[in-house]
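Each chain gets a letter, A, B and so on, in the order its sequence line appears, and its residues count up from 1. Here the structure is a predicted model, which means the values were calculated and not measured.
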2 protein chains.
Amino acid sequence: MKILLIEDEPDLRKSIKQYLHQEGYVVESASDFIKALEKTMVYEYDCILVDITLPNGSGLDIIKQLKQQHSKAGIIIISAKNSSDDKIIGLDIGADDYLAKPFNLAELNSRIKALIRRRNFDGNKAIVVNEINIIPEERTVKVNNEQVMLTAKEYDLLLFFITNKNRVVSKNSIAEHLWGDDSDQMDNHDFIYVHLRNLRKKLAEKGCRDYIQMIYGIGYNFKVNV
Amino acid sequence: MKILLIEDEPDLRKSIKQYLHQEGYVVESASDFIKALEKTMVYEYDCILVDITLPNGSGLDIIKQLKQQHSKAGIIIISAKNSSDDKIIGLDIGADDYLAKPFNLAELNSRIKALIRRRNFDGNKAIVVNEINIIPEERTVKVNNEQVMLTAKEYDLLLFFITNKNRVVSKNSIAEHLWGDDSDQMDNHDFIYVHLRNLRKKLAEKGCRDYIQMIYGIGYNFKVNV
DNA sequence: TATCATATGAAAATTCTGCTGATAGAAGAC
DNA sequence: GTCTTCTATCAGCAGAATTTTCATATGATA
């Protein structure tokens with residue numbers, strides 16, 4: 001379950017991101033209009049949270065763009081403005097729900113769940129890829145019905161790969177995921193190597209073939225025959 | 001985005017050059033008054049950085065000359081002298097900004113960016129030449145919307161050609177660009193041939209016609225019908 | 001034709017990337 | 001507090017990619 005959060009205020013962005021991450025979602029974030037569009041051009045999301053009071057370009061424009069891109073993502077508007085105008089316009093141009101600041105994080109979560117339920121996504125159900133079975137709600141992984149004990153980083157890594165399966169992910173995007181916004185241009189990717197090695201090892205121990213293919217100079221690709 | 005750096009101290013010249021090159025600019029340099037004027041007579045630059053404490057002839061004279069040449073380049077003064085006199089004189093005769101030594105390279109970059117923004121150049125945006133699309137910030141190249149994987153040297157070569165399109169460039173100037181000051185009088189141009197071949201090959205593979213015309217005994221011309 | 005400049009092919013030298021093992025520090029359990 | 005587990009960091013290595021070098025072929029010019 002992959003969520004994109006578009007929010008310019010760093011503190012709020014961080015805390016929402018962290019909370020949703022805890023709840024078992026794969027969360028990416030963008031701080032402005034441009035960066036958000038860059039992401040939506042490349043990746044598919046199940047749900048997009050938009051703060052419509054963004055610096056360059058209104059959040060409403062993003063929604064229009066997404067609809068033009070035929071994105072399948074559900075859209076929830078976040079806004080400080082409590083005017084019903086914005087709400088109506090937002091829902092009018094295709095947003096699915098509206099949440100006024102300040103809001104409760106639990107409230108946000110239930111809205112997301114409701115949205116996902118409405119769209120008949122399988123919510124927080126298990127993710128199954130061949131012999132691998134992930135239950136996001138419990139943060140547990142099974143291979144051939146045997147539980148694999150993964151550390152937090154290993155689990156995050158695996159979930160990130162699987163939500164981006166058959167798509168090349170750069171080491172930078174991995175770092176951004178596992179270590180947050182502040183590690184945008186990290187020069188040192190050693191820790192990725194280490195956690196990746198541990199993950200591979202644990203999966204292999206349970207008889208899981210190496211799905212994670214290295215692409216030299218670029219990143220990795222979790223390859224599954226579709 | 002093409003920058004001329006006029007600075008006599010070799011170490012400083014080298015480090016500034018290297019930094020700006022990393023930031024995606026095409027950088028040329030001159031160590032004194034005469035060499036600088038030779039370059040500005042022939043080439044157009046978007047921005048010129050002048051150290052006004054040069055050996056033969058003050059940097060201030062260069063600025064006057066440039067103004068007489070009706071150069072379109074923005075001018076940023078670099079100086080160890082902190083006297084406001086110099087600063088005022090410099091800005092008076094047409095410089096656009098002033099930076100006192102020692103300065104931070106990031107500071108220099110942001111001054112350049114600000115200058116470019118003020119002049120409504122499109123900064124580090126994509127460079128588009130027919131079917132070729134270059135994004136300097138990412139050092140990526142697309143042909144007919146397909147990414148072309150270029151090595152560092154190939155990329156530098158292409159960018160150099162394109163910033164000098166429809167103008168004959170000598171092999172020496174290519175060498176100076178790709179291998180720095182110290183390779184002024186290189187007798188051996190073999191590596192240019194090699195990298196040029198590889199570049200041509202990769203572009204051709206993506207269906208890009210050969211823009212790079214050889215001029216016997218002189219150099220090359222990246223030809224685009226204007 | 002003779003000479004030099006450019007192009008091409010292949011291979012050596014160099015640099016860069018990713019992987020591994022070991023280890024120390026950080027966080028958490030007891 | 002101690003012990004355990006997880007995470008971060010480092011040095012060294014092997015293989016891959018890039019860059020340089022060299023030999024040779026082709027082409028241009030006088």
Side-chain angles (χ1 to χ4, degrees), chain A residues 18 21-22 139-141 147-158 160-161 168-180 182-183 185-205 210-222, chain B residues 18 21-22 139-141 147-161 168-180 182-183 185-205 210-223:
Chain A
Q18 197 183 347
H21 177 251
Q22 270 173 13
R139 287 179 73 88
T140 58
V141 177
Q147 178 135 4
V148 191
M149 297 307 291
L150 296 183
T151 70
K153 289 277 182 265
E154 287 156 13
Y155 175 85
D156 287 347
L157 197 53
L158 177 61
F160 183 59
F161 276 130
V168 176
V169 293
S170 71
K171 285 203 295 304
N172 275 331
S173 69
I174 294 173
E176 198 189 318
H177 252 280
L178 270 69
W179 289 273
D182 32 351
S183 53
Q185 354 91 303
M186 283 196 291
D187 44 351
N188 186 350
H189 288 141
D190 275 2
F191 34 82
I192 295 180
Y193 298 144
V194 175
H195 293 298
L196 183 57
R197 160 180 49 174
N198 296 338
L199 175 60
R200 276 171 161 162
K201 199 172 165 189
K202 286 187 184 175
L203 291 176
E205 273 168 7
D210 196 4
Y211 289 96
I212 303 158
Q213 202 174 66
M214 183 266 286
I215 287 125
Y216 196 93
I218 312 284
Y220 297 90
N221 189 351
F222 192 96
Chain B
Q18 194 185 349
H21 176 250
Q22 269 175 13
R139 287 181 74 89
T140 57
V141 177
Q147 179 136 4
V148 191
M149 298 305 290
L150 296 183
T151 69
K153 289 275 179 273
E154 287 156 12
Y155 174 86
D156 287 347
L157 196 54
L158 178 61
L159 191 59
F160 183 60
F161 276 131
V168 176
V169 292
S170 71
K171 285 205 297 307
N172 275 330
S173 68
I174 294 174
E176 195 193 319
H177 250 281
L178 270 67
W179 289 272
D182 33 350
S183 53
Q185 357 88 303
M186 283 197 293
D187 44 350
N188 185 350
H189 287 145
D190 275 1
F191 33 72
I192 294 181
Y193 299 142
V194 175
H195 292 298
L196 183 57
R197 161 185 46 176
N198 294 337
L199 176 60
R200 276 171 161 160
K201 198 171 164 190
K202 284 187 184 176
L203 291 176
E205 271 168 10
D210 194 4
Y211 289 95
I212 303 159
Q213 207 172 64
M214 183 266 286
I215 288 127
Y216 194 89
I218 313 284
Y220 298 89
N221 188 351
F222 192 96
K223 235 177 185 177

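- Note: Leu199(B) CG to Lys153(B) NZ = 13.5 Å, rounded to the nearest 0.5 Å.
- The neighbour count for Lys223(B) NZ, taken as heavy atoms of other residues, nucleotides or ligands under 6.0 Å away, does not exceed 12.
- Here Arg200(A) reaches the OP1 or OP2 of dC19(C): one of its side-chain N or O atoms lies under 4.0 Å away.
- For the pair Leu178(B) CG and dT18(D) P, the computed distance is 15 Å after rounding to whole Å.
- For the side chain to side chain contact (heavy atoms under 4.5 Å, CB included) with Ser170(B), the lone residue among Asn172(B), Val168(B), Ile174(B) that qualifies is Asn172(B).
- Separating the CD1 atom of Ile218(A) from the P atom of dC16(C) is a distance of 16 Å, rounded to the nearest angstrom.
- What separates CD1 of Ile212(B) from C1' of dT6(C) is a distance of 14 Å, to the nearest Å.
- Proximity of Leu203(B) to Leu158(B): side-chain heavy atoms (C-beta onward) are separated by under 4.5 Å at one or more points.
- Around atom CD of Gln147(B), more than 12 heavy atoms belonging to other residues, nucleotides or ligands sit under 6.0 Å away.
- Distance Ile215(B) CD1 to dT29(D) C1': 16 Å, rounded to the nearest Å.
- Going from atom OH of Tyr193(A) over to atom P of dT17(C) covers 8 Å, rounded to whole Å.
- Between Tyr211(A) and Phe222(A), the two ring planes are parallel [angle under 30°; tilted spans 30° to 60°].
- Summary for the helix from dT1(C)-dA30(D) to dC30(C)-dG1(D): the axes at its two ends, each from 5 pairs, differ by 30° when rounded to the nearest 10 degrees.
- For the atom pair CE of Met214(B) and NZ of Lys171(B), the computed distance is 9.0 Å after rounding to the nearest 0.5 Å.
- Side-chain contact between Phe191(A) and Leu178(A) is absent, with no heavy atoms from C-beta onward closer than 4.5 Å.
- The side chain to side chain donor-acceptor pair (under 3.5 Å) contacts involving residues 195-205 of chain B comprise Glu154(B)-Lys202(B), Arg200(B)-Asp210(B), where partners must be two or more places apart or lie in separate chains.
- Distance, Ile192(A) CD1 to dT20(C) P: 15 Å, rounded to whole Å.
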Its contact letters, B for base, S for sugar-phosphate only and - for none at protein heavy atoms under 4.0 Å, make nucleotides 3-15 of chain D read ---SSSBB----B

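- As a whole-Å value, the separation of Ile174(B) CD1 from dT20(D) P is 14 Å.
- Contact check, Lys171(A) against dT17(C): no side-chain N or O comes under 4.0 Å of OP1 or OP2.
- Rounding to whole angstrom units, CG of residue Leu196(B) and P of dT6(C) are separated by 11 Å.
- If you check every strand for non-hydrogen atoms under 4.0 Å, Lys201(B) touches nothing.
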